[in-house]
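In what follows, a structure is listed as structure tokens, so that the remarks can point back to it.
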Amino acid sequence: MLIDELERARKAAGWSQETLAERAGLSRMTVQRTESGQIDPRLSTLLEMARALGLELMPVPAALRPQLADFVRSGGRVLGQPAGVGAPPSIAQIIEDK
């Protein structure tokens, strides 16, 4: 779940809820209630939390999720693309090299 990912990112950064709140321009109570599931946050709240953590949210239509998941699992290779030393670089490798 998205909120769980944001909480994990906050903890990985070593930030308290108060630190995230300050950096995102939110109240500590908003961060606490969002992470605990006490409120259904606005998209703008989630976007600000992600921005403060150096993350970018990317909404994906439900119909495209299976293909996106397959693409990510394949390491950015298009289905049917050969693997191995002679294979062309994946999109993920191209982006990483930039």
Side-chain angles (χ1 to χ4, degrees):
M1 177 175 224
L2 174 60
I3 295 170
D4 295 331
E5 291 296 324
L6 291 172
E7 183 177 2
R8 276 193 284 279
R10 175 184 63 77
K11 289 178 178 179
W15 292 1
S16 66
Q17 290 177 338
E18 186 171 353
T19 300
L20 175 56
E22 289 171 4
R23 294 182 183 210
L26 302 167
S27 71
R28 185 202 54 79
M29 186 62 72
T30 297
V31 172
Q32 186 274 323
R33 292 177 70 201
T34 297
E35 287 185 357
S36 69
Q38 291 177 341
I39 61 171
D40 187 9
R42 294 180 176 179
L43 177 59
S44 60
T45 298
L46 298 175
L47 289 169
E48 286 305 313
M49 290 172 68
R51 179 198 53 77
L53 290 162
L55 303 173
E56 184 176 338
L57 300 183
M58 184 176 69
V60 176
L64 294 179
R65 285 186 186 191
Q67 292 97 333
L68 180 60
D70 289 344
F71 181 74
V72 170
R73 274 194 299 278
S74 74
R77 294 196 186 324
V78 177
L79 293 179
Q81 183 177 352
V85 177
S90 70
I91 292 172
Q93 290 167 323
I94 293 169
I95 292 170
E96 189 176 275
D97 291 342
K98 287 186 180 184

**Message:** Taking atom CG as the centre, does D4 end up with more than 12 heavy-atom neighbours from other residues, nucleotides or ligands that are less than 6.0 angstrom away?
**Reply:** yes
The reported gap from CG in L53 to CG in L20 (rounded to nearest 0.5 angstrom) is 5.0 Å
Could you go through residues 54-62 and list every donor-acceptor pair under 3.5 Å that involves a side-chain atom there, pairing it with any protein atom two or more places apart or in another chain?
none

Side-chain donor/acceptor pairs under 3.5 Å, residues 7-15, sequence neighbours excluded:
unit_1, atom_1, unit_2, atom_2, d
E7, OE2, K11, NZ, 3.0
R8, NH2, E5, OE2, 2.5
R10, NE, E35, OE1, 3.4
R10, NE, E35, OE2, 2.7
R10, NH1, W15, O, 2.8
R10, NH2, E35, OE1, 2.9

Distance col, row L2:CG vs M49:CE, nearest 0.5 angstrom, shows 8.5 Å
Sequence neighbours excluded, the answer for salt bridge (Lys or Arg N to Asp or Glu O under 4.0 Å) partners of R51 is E48
With sequence neighbours left out, the residues meeting side-chain hydrogen bond (donor to acceptor under 3.5 Å, both in side chains) with S27 are T30
One should read off an interatomic distance between R33 CZ and L26 CG, to the nearest 0.5 angstrom, of 13.0 Å
Sorted by chain and number, sequence neighbours left out, side-chain hydrogen bond (donor to acceptor under 3.5 Å, both in side chains) with R42 holds for none
Sorted by chain and residue number, the side-chain hydrogen bond (donor to acceptor under 3.5 Å, both in side chains) partners of R23 (sequence neighbours excluded) come out as none
Assess whether side-chain contact (heavy atoms from CB on, under 4.5 Å) is satisfied between T34 and L6, documenting all intermediate values. CA-CA 10 Å; T34 297; L6 291 172; over 6 Å; no
So, T45 side chain and P41 main chain: donor-acceptor pair closer than 3.5 Å or not? no
